[in-house]
Structure formats: C-alpha cells, structure tokens
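What you see below is based on every heavy atom in this structure, not just the backbone, and it leaves out hydrogens, waters and symmetry mates.
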Amino acid sequence: MTKAPSRPDAGSASRPGSTLGLTALTATAPISWGTTYLVTTEFLPPGHPLVSTVIRALPAGLILLAITRSLPRGQWLWRSLLLGTLNIGAFNALLFVAAYRLPGGVAATLVAVQPLFVAGLAYLLLSEEPTRWRIGWGLVGVVGVGLIVLRGELSFDLVGVLAGIAAAGVMAGGIVLTKRWGRPAGAGAATIAGWQLTLGGLVLVPLALGFEGIPPALDHRAIGGYAWLSLVGALLSYVAWFHGIGKLPVVAMSFLALLSPAVATILGWLFLNESLTPWQGVGFALALTTIAAAQLTPDAVRNLVRIPATTKGA
C-alpha cells in the first residue's frame, strides 16, 4: 500500500470555487444524518439501537448491490468488511446508543469532535500534518455546536457519553482509511457504498439478534422512520459521502459533519416546539463559519480578501 501525497489539501483548498458544487453535494450526507435524532426519538421503537442500525444499513446496501452488480474481491473483501464495520456498523450502532441514552444535543456535541480525530489520524496514516488553522477551527466548531445544542437541564449517561465519543472515533478511522486505500479500478461511489452498507449491516445481525432479539411489530410511524433512514439517510447519503471522500481534502471534508447537530436543532425547533436562544444563534454562526473556513487555507483566505481590495483600487 502506498501513502497518499503528504499535502493534498494545499491545491484543493486554495481554489474554493472549483470544489464548491462537490462540497455542497457531500454536505447533503451530514444534513440527512442530522435527522437521525428526531426520527429515533419520535418514530422508532425504543431500546433497539442495533436492530435500528441493521434496518437502516442492510436494505440500502442490498439495493445498491443489485444496482451496481458488483461484489468485493481479493483484498477488497477484508478492506470493505473493516471499512463497513467502522463507517456503517460500529458508527451507526454507537450513534443510536448515544441518541437513545442522551439528549440529542449532548450526543451531537460529542460526535462533533470528529474533525479533531480525523486530523490526528490523517497525520498518522496519510502524512498530512495537522495545521494550527484547522485544529483551531475544529475547537471553535465544538464550541459552536455546544452553544447550538446544549441548553436547559442535561442528563449525562456514562454509556451514552462513551458511545458518542466512540462514534466520532470509529467514523474518523473509516474516513481516513477510505481516503488512504482509495477504490479498486472501475468502482464508483455507489459500489463502495453498497459494499460497506451491506457488510456493515451483516456484521451487526448476530449482535442485534443476540442482545435485542426479534424486532418488535412496527407501526406505520416506525416503518416510515426506517424507510427515511435507510433510503435517504443511508443509500443516497453514503453514495454522496464516499464520492466526496474520493475527491475532497479529508480533514476539510470532515468538518461538514458539524452540519448534523445544526440540522437536529432546527428540526427540534420546527417540529418539537423547542425554543431558540441568542446564544444558539451565536453557535450557528460559529459552526457555519468553521465549516467554511476549514475548506480554505490561510493563504486562500488572504487572497479572497485581497482580490476585492485590489479591484477597487484599480
């Protein structure tokens, strides 16, 4: 295996316009994942995080396998198994555990540390040296997310807290390894998503049956919730996400995950009559600024500032 170039961020990040459309497409994935908290608490049967993960991932993966008609072979069998476990199985199971045991805001804030994990792993596995620029914005992003979602009396469950932090860690590992290994020849984002969703779901089937048993009878609300999470939150979103991983700087892309808690908060305001405070407005501004700043380098920001000034002077 060969390592990725040591400074893949420089060229990509210095031309923000060239990747704006791709970044927007990739951002649809964390936006859809931001609906997980509302759907889990309001539509799904309680106490079944593993079953919920299997129902979310496995049908979506099988649909993509049927569409792409491609199966992993050789080293890509074990790679897809490992990546599916990290990106899909372990991440979604831990995310559901955190969502079930913690207020959505607490869970979202814990998962928001993911860019910092990605920066560390990118240094170890991709030889991308973490910059003070992105580490600093990563910390600002956590503060922003905290202002958005942490409010009122909070309930801290140790298992839920550990699950939220672990979810950020395993997905960070999946993102960096996906970037390091790339794709086999001829395999597109839909193929990679199909492999990982299927294998990540299959890994959890025995655990779901062993610890939670047969899924309970589902009413129309639960069926609708699972359909949304599987078709939009898994099938479509992971195709967009893996497409972005293949083309965008990995650390910059990881900051898009900050959109999830922002979306979760907006949905709580729209559908659960949760109030929004001025401090949450500050948090939104910080989170959105962090996402935008992480797509750039300091030189790119200076260039963007200089261009209008030079034009005006001319």
Side-chain angles (χ1 to χ4, degrees), residues 28-68 80-81 83-102 104 107-108 111 114 160 163-164 166-168 170-171 174-175 178 189-242 257 259-261 263-264 267:
T28 61
I31 287 173
S32 73
W33 298 335
T35 66
T36 299
Y37 307 103
L38 175 69
V39 173
T40 297
T41 56
E42 300 298 315
F43 292 86
L44 304 188
H48 290 80
L50 297 178
V51 169
S52 294
T53 303
V54 171
I55 296 175
R56 179 181 196 170
L58 190 54
L62 293 175
I63 291 172
L64 287 173
L65 288 184
I67 293 173
T68 60
S80 297
L81 178 61
L83 292 174
T85 299
L86 293 174
N87 284 323
I88 312 298
F91 171 71
N92 281 283
L94 291 166
L95 182 63
F96 274 116
V97 170
Y100 275 120
R101 302 182 69 104
L102 295 171
V111 177
Q114 176 186 285
V170 297
M171 191 171 187
I175 289 173
T178 298
T191 299
I192 298 298
W195 293 353
Q196 294 193 30
L197 284 166
T198 300
L199 292 172
L202 287 174
V203 164
L204 290 179
V205 168
L207 295 175
L209 294 177
F211 286 99
E212 298 176 2
I214 302 298
L218 303 179
D219 58 19
H220 67 280
R221 289 175 58 84
I223 293 173
Y226 281 128
W228 171 266
L229 292 178
S230 183
L231 297 177
V232 177
L235 190 154
L236 296 177
S237 65
Y238 275 106
V239 172
W241 186 248
F242 289 131
L259 289 168
S260 289
V263 170
L267 292 177

Problem set entry | N/O donor-acceptor pair under 3.5 Å between Q196 side chain and L81 backbone | no
Exercise. Given side chains that start at C-beta, do those of L94 and M171 come closer than 4.5 Å, heavy atoms only?
Worked result: no
Problem set entry | Shortest non-hydrogen contact between T28 and A240, atoms and distance | OG1-CB, 3.9 Å
Exercise. Of all residues at least two apart in sequence or in a different chain, which pass the side-chain hydrogen bond (donor to acceptor under 3.5 Å, both in side chains) check with S237?
Worked result: W33
Seminar exercise, completed: Heavy-atom closest pair (S32 atom, G233 atom, distance to 0.1 Å) is OG-CA, 3.9 Å
Problem set entry | Side-chain touch P30/W241, heavy atoms, less than 4.5 angstrom | yes
For this session: Mark yes or no for whether T40, through its side chain, and T36, through its backbone, hold a donor-acceptor pair below 3.5 Å.
Result: yes
Exercise. Who pairs with L65 by side-chain contact (heavy atoms from CB on, under 4.5 Å), at least two apart in sequence or on another chain?
Worked result: L62, L71, W195, T198
Problem set entry | Rounded distance [0.5 Å steps], CG in L44 versus CG in L229 | 6.0 Å
Exercise. Minimum heavy-atom separation for G201 to V54, with atom names?
Worked result: O-CG2, 3.8 Å
Exercise. If we only count heavy atoms from C-beta on, is the L86 to F91 side-chain gap below 4.5 Å?
Worked result: no
Exercise. Roughly how far, to the nearest 0.5 Å, is the OG1 atom of T178 from the CG atom of L83?
Worked result: 4.5 Å
Exercise. Is there side-chain contact between I55 and H48, with heavy atoms separated by less than 4.5 Å?
Worked result: no
Problem set entry | Closest approach of F43 to L38 (non-hydrogen atoms, all atoms of both residues) | CD1-O, 4.2 Å
Exercise. Is any side-chain heavy atom of I63 closer than 4.5 Å to a side-chain heavy atom of L235?
Worked result: yes
Please set out all donor-acceptor pairs under 3.5 angstrom arising from side-chain atoms of residues 202-210, sequence neighbours excluded.
none

For this session: Examine distances only and state if a side-chain atom of R56 and a backbone atom of I88 form a donor-acceptor pair shorter than 3.5 Å.
Result: no
Problem set entry | Nearest non-hydrogen partners of N87 and Y238, listed with the distance | O-OH, 3.4 Å
Exercise. What are the two closest heavy atoms between G213 and V51, and how far apart are they?
Worked result: O-CG2, 4.0 Å
For this session: Find out whether L64 and L197 are in side-chain contact, i.e. whether some heavy atom of one side chain is under 4.5 Å from a heavy atom of the other.
Result: yes
